[in-house]
Structures are given as structure tokens and as C-alpha cells.
Amino acid sequence: MAKKETSKNSVKKSNAYDIKGDSLTRIKTACPKCGPGIFMATHKNRVSCGKCGYTQFNKE
């Protein structure tokens, strides 16, 4: 039986930062429980941490 090929979306850390001149700013929010090194994933109606599972729902 042949294995099914799966495509995995790779997320680059460089997409989480904005570089302007010599300054570096973060685009994504950091997890309040895990600390400033862990970014939260942005979904349609929420942001969530992949490490600890912390979720914030967007207010509409």
C-alpha cells in the first residue's frame, strides 16, 4: 500500500515580525501564559496558543 502524501503548511518565524530599518516589531500577539517567545495563531474568530491551548475569542 502506498503512503498518502500530505502537505504540511510550514510557518516561518520571519512572518511574525516586521522589519523597518533597524527596528524589529512583532506582528503576532504573544501568549500571556507561556511568555513572549510563544506566538498565538490567528483564526477567523479567535487567537489561540498551540503550546498550552489558551484561547481568546474576538468580540464582534
Side-chain angles (χ1 to χ4, degrees):
M1 228 182 225
K3 285 188 175 181
K4 219 181 221 187
E5 289 186 29
T6 59
S7 63
K8 185 176 180 181
N9 294 337
S10 62
V11 178
K12 295 181 182 180
K13 289 217 178 201
S14 62
N15 292 339
Y17 296 99
D18 187 25
I19 303 169
K20 290 185 182 177
D22 290 339
S23 65
L24 185 75
T25 57
R26 293 181 180 173
I27 297 173
K28 295 185 177 185
T29 57
C31 179
K33 286 186 176 182
C34 296
I38 307 297
F39 293 111
M40 297 182 74
T42 306
H43 301 281
K44 189 192 316 188
N45 61 349
R46 68 192 185 280
V47 290
S48 62
C49 177
K51 186 174 181 181
C52 69
Y54 178 78
T55 304
Q56 290 179 339
F57 290 94
N58 297 336
K59 295 179 183 177
E60 293 180 14

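Residue numbers run from 1 in the order of the sequence given.
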Pairwise distance [atom1]([X]) to [atom2]([Y]) - rounded to 0.5 angstrom:
X: Lys28; Y: Asp18; atom1: NZ; atom2: CG; value: 13.5 Å
X: Lys44; Y: Asn58; atom1: NZ; atom2: CG; value: 12.0 Å
X: His43; Y: Phe57; atom1: NE2; atom2: CZ; value: 10.0 Å

Closest approach of [X] and [Y], non-hydrogen atoms and distance?
X: Arg26; Y: Pro36; value: NH1-O, 3.1 Å
X: Met40; Y: Cys49; value: CE-N, 4.0 Å
X: Lys51; Y: Ile38; value: CD-CD1, 4.0 Å

>> Would a single hydrophobic cluster contain both Phe39 and Leu24, if residues Ile, Leu, Val, Met, Phe, Trp and Tyr are joined by side-chain heavy-atom contacts under 4.5 Å?
In response: yes

> Who are the side-chain hydrogen bond (donor to acceptor under 3.5 Å, both in side chains) partners of Thr29, not counting sequence neighbours?
Replying inline: none

> Is Ser23 reaching over with its side chain to a backbone N or O of Gly21, donor-acceptor style, under 3.5 angstrom?
Replying inline: no

